Amino acid sequence: MLCTSLHLLRSSWSNQRAAFIMASSPDLLMKLVASAYSVAEKAGTIVRNVMSAGDLGIVEKTGANDLQTAADRLVQQSICSSLAKKFPKLTIIGEEDLPSEEVEDSLLALGQSEDILKHTCPSQYSGIKEEEIVVWVDPLDGTKEYTEGLLDHVTVLIGIAYGGKAIAGVINQPYYNYQAGNNAVLGRTIWGVLGIGAFGFELKEAPAGQHIITTTRSHSSKLVNDCIAAINPDKVVRVGGAGNKIIQLIEGQASAYVFASPGCKKWDTCAPEAILHAVGGQLTDIHGNPFQYQKDVKHMNSAGVLAALRNFDYYFSRVPDSVKQALVP
Ligand code: AMP
Ligand code: MG
Ligand code: MG
């Protein structure tokens with residue numbers, strides 16, 4: 001859903017002037033990432049609040065494995081309205097198809113991370129204009145797992161694309177640490193920009209010489225399993241969420257993310273891809289083709305997902321031709 005048709009007071013002279021100043025500012029990208037960070041933290045709070053209130057408001061979209069909850073709806077409203085208010089010329093595409101309506105002030109997050117603003121914008125992105133950016137929003141990745149109480153699988157994904165490429169991303173994990181006991185701080189936000197790196201976690205490689213594959217737990221198929229079997233893995237980890245699986249790669253819990261199936265969309269891969277690429281990893285479709293993130297691109301990643309922090313070429317070399325032939329980009 002295109003989120004930019006929100007009820008915002010955009011026509012006043014001061015808003016236009018502010019938009020012009022932001023559009024011509026050399027470090028627009030850093031301001032956007034710093035704002036997306038605050039917005040993602042707010043999103044994490046909304047996700048936790050909906051769960052503690054006890055009524056998830058579950059709706060089936062295309063079926064029982066494709067759900068939407070009140071958290072998906074509220075978080076999308078929060079992210080899209082907050083970013084559109086500060087950056088009115090952005091194209092923002094969110095997963096959920098929602099009626100365009102006034103968003104309560106209590107859902108807005110208009111702050112920014114001062115820490116992120118201290119980083120210098122990579123020179124290749126310093127001249128970017130607001131209208132050249134596409135933001136891909138998955139308000140709640142791993143909804144199925146959220147409804148089943150597998151809370152640490154859940155993430156909020158804000159991906160930033162320029163020139164069709166994922167260049168920055170913010171991931172909030174609302175229930176990070178929830179199994180660590182009462183004194184643990186709940187939730188975290190990871191962010192990354194190509195040319196700067198990724199922050200908010202400790203980068204770790206998976207154990208050397210072991211092939212640990214992370215894949216879907218709720219959208220499996222014969223093709224997914226055939227592809228994994230061809231890698232002859234030492235271990236297969238089945239968890240929910242594209243964001244969660246990329247976190248496993250950058251924290252050394254898995255060595256490759258293999259999903260030889262359609263089902264993942266651009267809002268699932270944009271933020272995770274940017275963060276993985278920012279630390280030297282690679283994420284493509286199952287043919288090794290990079291994803292495109294222009295505003296008019298097809299949402300579905302029809303040819304699956306393959307990602308690794310290290311040794312991507314090895315995992316790519318193991319994908320059988322039969323699997324490639326079955327998945328048309
Ligand atoms: P999973 O690894 O199954 O959690 O999937 C990662 C992301 O892709 C989640 O946002 C899923 O909702 C989405 N996804 C994957 N396969 C499907 C499918 N068959 N139908 C709907 N969504 C899917
Ligand atoms: Mg998702
Ligand atoms: Mg989602």
Side-chain angles (χ1 to χ4, degrees), residues 1 3 40 43-44 46-47 50 56-80 92-98 135-159 166 169-174 213-225 227-228 236-249 253-254 256-273 275-276 283 285-286 291 293 298-307 326-327:
M1 181 221 182
C3 305
I46 297 171
V47 170
V50 169
L56 295 188
I58 299 170
V59 172
E60 284 188 14
K61 295 196 285 187
T62 58
N65 283 334
D66 192 14
L67 305 177
Q68 182 195 77
T69 69
D72 299 68
R73 296 186 283 275
L74 291 171
V75 168
Q76 178 157 312
Q77 288 180 321
S78 170
I79 294 174
C80 294
I92 308 174
I93 303 172
E95 172 174 4
E96 309 306 334
D97 209 354
L98 301 176
V135 180
W136 292 90
V137 177
D138 187 342
L140 206 166
D141 181 50
T143 302
K144 174 94 173 155
E145 285 70 27
Y146 181 63
T147 65
E148 293 174 5
L150 295 166
L151 299 178
D152 47 359
H153 296 209
V154 168
T155 58
V156 175
L157 306 176
I158 305 176
V170 178
I171 300 181
N172 180 275
Q173 193 178 23
I213 305 303
T214 184
T215 192
T216 182
R217 64 175 280 280
S218 61
H219 300 105
S220 212
S221 67
K222 182 175 180 311
L223 212 53
V224 169
N225 291 329
C227 191
I228 292 169
V236 180
V237 188
R238 295 181 189 274
V239 293
N244 183 30
K245 286 189 261 293
I246 293 307
I247 293 175
Q248 289 190 320
L249 295 185
Q253 290 153 14
Y257 171 12
V258 180
F259 184 59
S261 168
C264 269
K265 324 288 187 315
K266 294 294 178 300
W267 43 75
D268 291 305
T269 47
C270 188
E273 175 180 328
I275 287 171
L276 183 65
L283 183 148
D285 72 10
I286 219 78
F291 289 119
Y293 294 97
K298 187 176 72 164
H299 293 166
M300 181 70 82
N301 294 329
S302 309
V305 178
L306 181 67
L327 291 171

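None of these values were measured; they are calculated from a predicted model. What you see below is based on every heavy atom in this structure, not just the backbone, and it leaves out hydrogens, waters and symmetry mates. One-based numbering, in listed order, for ligands and for the atoms of each.
Under a 4.0 Å N-O distance rule, the pair K266/E273 does not qualify as a salt bridge.
In the displayed structure, K222 atom NZ is contacted under 6.0 Å by at most 12 heavy atoms of other residues, nucleotides or ligands.
Each of T69, D141, L67 was evaluated against Y146; a single residue qualifies, T69, per the side chain to side chain contact (heavy atoms under 4.5 Å, CB included) test. The side chain to side chain contact (heavy atoms under 4.5 Å, CB included) with H153 is formed by just one residue from the set L151, L150, T155; it is L150. Test R238, R217, K245 against E145 for salt bridge (Lys or Arg N to Asp or Glu O under 4.0 Å) and you get one pass: R217.
In terms of the salt bridge (Lys or Arg N to Asp or Glu O under 4.0 Å) criterion, K265 has no residue partners (sequence neighbours excluded). With sequence neighbours left out, the salt bridge (Lys or Arg N to Asp or Glu O under 4.0 Å) criterion links R73 to no other residue.
Atoms NE2 and SG, from H219 and C264 in turn, are 9.0 Å apart once rounded to the nearest 0.5 Å. With rounding to the nearest 0.5 Å, the separation of CG in D72 from CG in D138 is 7.5 Å.
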Between the protein and ligand 1, are there any N or O atom pairs that come within less than 3.5 Å of each other, and if so, what are their names and distances?
unit_1	atom_1	unit_2	atom_2	d
ligand 1	2 (O)	K245	NZ	2.5
ligand 1	3 (O)	T216	OG1	2.5
ligand 1	3 (O)	H219	ND1	2.5
ligand 1	4 (O)	G241	N	2.6
ligand 1	10 (O)	D141	OD1	2.9
ligand 1	10 (O)	D268	OD1	2.8
ligand 1	14 (N)	G263	O	3.3

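Within a radius of less than 2.8 Å around the Mg ion (ligand 3), the protein N, O or S atoms are E95 OE1, D138 OD1, L140 O.
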